[in-house]
> 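This is the structure I want to talk about, given as structure tokens.
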Amino acid sequence: MANAARYDAVIVGAGHNGLACACYLAAAGMSVCIVERRPVVGGAAVTEEFHPGFRNSTASYTVSLLNPKVIRDLRLAEHGLRVVERPFSNFLPLGEGGFIKVGGGLEATQREVARFSKRDAERLPAYYERLETVADVLRSLVLETPPNVGGGIHDLFLAWKAGRTLNALPLQAKRDVLDLFTISAGEWLERWFESEPIKACFGFDAVVGNFASPYAAGSAYVLLHHVFGEVNGKKGTWGHAIGGMGAITQAMRREAEARGVKIRTGQGVARVLARGGRAHGIALEGGEAIEARCVVSNAHPRALLKLLADLPGEWRASFENYQSESATLRMNVALSELPDFSALPGRAAQPHHRSGIILAPSLAFMDRAHATARQHGWSREPIVEMLIPSTVDDSLAPPGQHVASLFCQHFRYALPDGRSWDDERERAADAVIDQVTRFAPNFKSAVLGRRVLTPLDLEREFGLVGGDIFHGKLTLNQLFSARPVLGHGNYRMPLPGLYLCGSGAHPGGGVTGVPGHNAAREILRDLKKSRR
Ligand SMILES: Cc1cc2nc3c(=O)[nH]c(=O)nc-3n(C[C@H](O)[C@H](O)[C@H](O)COP(=O)(O)OP(=O)(O)OC[C@H]3O[C@@H](n4cnc5c(N)ncnc54)[C@H](O)[C@@H]3O)c2cc1C
């Protein structure tokens with residue numbers, strides 16, 4: 001221990017939030033070291049080769065939530081980050097050969113929706129306006145530290161500030177906030193629309209990374225969580241990062257290194273070290289110790305619990321009960337040609353190939369996939385979103401060939417009857433490919449190679465406990481001041497000098513950079529106080 005390296009802050013994990021946090025701390029003059037278990041930085045936001053000559057984002061695959069302040073402060077554009085908007089948000093082929101396209105401007109969407117219901121098309125402007133008003137509330141709260149339950153005067157001030165934001169809303173918006181945080185996406189959408197395709201298109205967001213039926217209470221919040229982002233200043237839009245999601249975290253790495261942050265990859269942290277009732281460093285799996293004035297964890301809250309195995313306390317039970325399962329399977333495929341959709345034929349690239357392709361034609365279909373997964377572990381007709389980033393980015397696949405990201409919902413972490421993902425991985429992947437092939441008959445024969453990540457693989461590879469893509473469920477009992485648990489909603493963990501900067505903290509999952517940004521602010525606030 002006498003020769004241990006010593007920093008102002010040591011960060012466990014170089015996910016995008018760990019990198020963002022490090023950048024802010026280093027900018028304030030702190031010496032910072034990040035230790036990452038994987039050989040590359042970026043956590044769930046990385047680009048890797050998965051088949052010879054074919055690269056793609058491995059886990060997260062599309063951008064919207066990345067906070068504009070983080071993009072600016074970390075000079076991500078100067079480091080080469082470029083995000084290309086989708087021509088429209090979603091293309092949803094329907095069972096009997098029809099389709100709906102959503103996004104690309106209000107009028108275009110209204111024209112599409114009117115093919116199914118004129119009434120729904122007329123209601124769209126009001127729908128977007130009401131949803132945007134609530135999304136704006138969320139936007140105004142994401143960069144705030146939630147008031148901590150049991151905190152002091154400062155927390156009372158934060159509670160007053162949050163309350164004031166809500167109180168300033170017109171009554172209708174207050175009602176919408178209440179509904180969107182509590183009711184089901186199905187109920188919310190059925191109040192607005194009568195035709196299935198538009199409900200399916202909007203409702204899909206409610207089941208992304210959320211093991212729930214779109215008719216489950218609370219699912220409307222998950223829908224909302226997917227609309228508070230923006231791309232290139234355009235609210236609610238989604239885009240492709242050129243070079244894949246790894247382009248974001250490689251830009252962050254460059255900024256961190258420019259600010260003097262030391263990054264160590266390929267080394268796991270085994271323990272947080274405590275002395276005199278404070279965190280004072282970490283021990284690596286190889287035994288080496290790194291001392292620091294504070295320890296910051298980018299790891300999942302339940303993974304952090306394991307790093308604190310020696311620390312008793314009543315807080316342990318609430319961390320153990322932290323819910324973490326999104327029931328998600330992620331697959332990359334190398335393709336010899338583009339999928340040719342029966343509903344909109346053609347193998348040459350068209351705008352729908354550059355949008356988010358949703359293969360889940362109705363809310364009832366999504367409800368069924370959930371019910372089947374509850375019983376059998378996963379459904380043979382899964383909910384699939386497909387993106388084909390090689391249509392806008394020629395760095396990912398050889399000329400004329402393509403890569404597709406398949407993001408598939410309702411694959412449980414724990415399979416029933418003692419079944420194991422190690423035996424079932426390829427069967428589940430085949431079911432996903434069959435599902436896409438139902439809509440695009442050439443798909444199966446176009447697949448040249450694939451990499452499949454079951455929920456168990458997501459846990460093993462990225463440390464996502466229970467395979468949860470968001471570091472824990474986005475349910476009301478795990479949001480804002482209650483994320484990850486009540487009493488620790490302000491980035492400060494049960495051991496003084498220990499902080500949480502990952503997606504298990506407010507405002508939750510997604511490639512946002514916000515937990516990293518907010519945690520750094522709280523660390524610097526404590527540092528200032530201790531100097532005083
Ligand atoms: C399959 C999938 C698809 C997704 N799709 C999208 C999407 O399209 N868009 C979007 O915005 N979001 C998406 N998400 C969510 C988003 O990727 C995550 O919420 C976000 O990347 C988490 O970032 P983070 O920095 O908080 O944590 P992580 O990215 O999980 O990083 C944590 C890091 O800590 C490291 N670590 C953990 N424990 C230790 C230890 N003991 N020692 C050393 N290192 C350790 C891990 O290896 C990891 O690198 C997706 C996630 C997944 C998994």
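In this text the structure is predicted, and so the values were computed from the model without any measurement. For the numbers below, each heavy atom of this structure counts, side chains included, while hydrogens, waters and symmetry mates do not. Counting convention: from 1, in listed order, for ligands and their atoms alike.
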> With Glu144, which residues qualify under side-chain hydrogen bond (donor to acceptor under 3.5 Å, both in side chains), at least two apart?
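Listed in chain order: Lys161.
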> Taking CZ in Arg271 as the centre, count heavy atoms belonging to other residues, nucleotides or ligands within less than 6.0 Å. Is the count above 12?
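No, the 6.0 Å shell around CZ holds no more than 12 heavy atoms from other groups.
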> Going by the rule side chain to side chain contact (heavy atoms under 4.5 Å, CB included), which residues pair with Val485 if we only count those two or more places apart in sequence or in a different chain?
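By the side chain to side chain contact (heavy atoms under 4.5 Å, CB included) rule, Val485 matches Ser318, Phe319, His488.
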> Answer yes or no for Gly463: is there a heavy-atom contact with ligand 1 below 4.0 Å?
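No; Gly463 lies far enough from ligand 1 that no heavy-atom distance drops under 4.0 Å.
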> Atom 18 (C) of ligand 1: which protein heavy atom is closest, and how many Å away?
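Minimum-distance protein heavy atom for atom 18 (C) of ligand 1 reads Ile469 O, 3.4 Å.
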> For atom 46 (C) of ligand 1, which of the options Arg37, Gln267, Glu385, Glu36 provides the nearest non-hydrogen atom?
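Considering heavy atoms of Arg37, Gln267, Glu385, Glu36, the nearest to atom 46 (C) of ligand 1 sits in Glu36.
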> Salt-bridged, Glu36 to Arg253, with N to O below 4.0 Å?
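Looking at Arg253 together with Glu36, the answer is no, because their closest N to O distance does not fall below 4.0 Å.
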> Short list, please: which atoms of ligand 1 are under 4.0 Å from a heavy atom of Gly268?
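Within the 4.0 Å cut-off of Gly268, ligand 1 contributes 42 (N), 43 (C).
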> Should you measure from each heavy atom of Phe407, which atoms of ligand 1 turn up under 4.0 Å away?
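Those atoms are 1 (C), 2 (C), 3 (C).
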> Ala299 heavy atoms, cut-off 4.0 Å: which ligand 1 atoms fall inside?
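Numbered from 1, ligand 1 contributes 37 (C), 38 (N).
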> Ignoring hydrogens and geometry, is there a side-chain-to-backbone donor-acceptor pair from Thr249 to Ala45 under 3.5 Å?
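Checked: pair present.
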> Quick one, Ile263 and Leu19 - any side-chain contact, counting heavy atoms below 4.5 Å?
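A side-chain contact under 4.5 Å exists here.
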> Nearest non-hydrogen atom to atom 42 (N) of ligand 1 belongs to which of Leu19, Val269, Val208, Leu458?
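The nearest heavy atom belongs to Val269.
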> With a 4.5 Å limit on heavy-atom distance, are the side chains of Ile433 and Met331 in contact?
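Heavy-atom side-chain distance check passes, below 4.5 Å.
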> Taking the six-membered ring where the residue is Trp, are the ring centres of Phe204 and His226 under 6.0 Å apart?
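Judged by ring-centre distance (under 6.0 Å), Phe204 and His226 do not meet the cut-off.
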> Look at atom 31 (O) of ligand 1 and find which of Cys21, Gly510, Gly15 reaches it with the closest heavy atom.
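The residue whose heavy atom sits nearest atom 31 (O) of ligand 1 is Gly15.
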> Could you tell me which atoms of ligand 1, counted from 1 in the order shown, lie closer than 4.0 angstrom to a heavy atom of His471?
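Those atoms are 26 (O), 27 (O), 28 (P), 30 (O).
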> Counting only heavy atoms, tell me which of Ala20, Pro39, Ala59 gets closest to atom 3 (C) of ligand 1.
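Ranked by closest heavy atom to atom 3 (C) of ligand 1, first place is Ala59.
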> Within a strict 4.5 Å, meaning less than it, do heavy atoms of the Arg450 and Asn332 side chains meet?
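Answer no - side chains too far apart.
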> At less than 4.0 angstrom from any non-hydrogen atom of Gly509, what atoms of ligand 1 do you find?
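Once the distances to Gly509 are compared, the set is 19 (O).
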> So which bit of Phe462 gets within less than 4.0 Å of ligand 1, heavy atoms only: side chain, backbone, both or neither?
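Phe462 to ligand 1: backbone contact only, side chain stays beyond 4.0 Å.
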> Are the side chains of Gln323 and Asn477 in touch, meaning some heavy atoms are under 4.5 Å apart?
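Sidechains of Asn477 and Gln323: in contact.
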> Should Ala45 be counted as touching ligand 1, given the test is an N or O pair under 3.5 Å?
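Looking only at distances, the answer is no, because the N/O contact criterion of under 3.5 Å is not met.
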> Could you say whether the N/O atoms of Arg330 and ligand 1 ever approach to under 3.5 Å?
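Not met; the criterion fails.
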> So, does Ala303 sit close enough to ligand 1 that a heavy atom of it is under 4.0 Å from the ligand?
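Heavy atoms of Ala303 never come under 4.0 Å of ligand 1.
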> At the 4.0 Å heavy-atom cut-off, does Thr328 count as touching ligand 1?
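Checking ligand 1 against Thr328, which is what was asked, there is no heavy-atom contact under 4.0 Å.
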> Checking a contact table here: which protein heavy atom is nearest atom 21 (O) of ligand 1, and how many Å away?
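I find the closest protein heavy atom is Ala44 CB, 3.6 Å.
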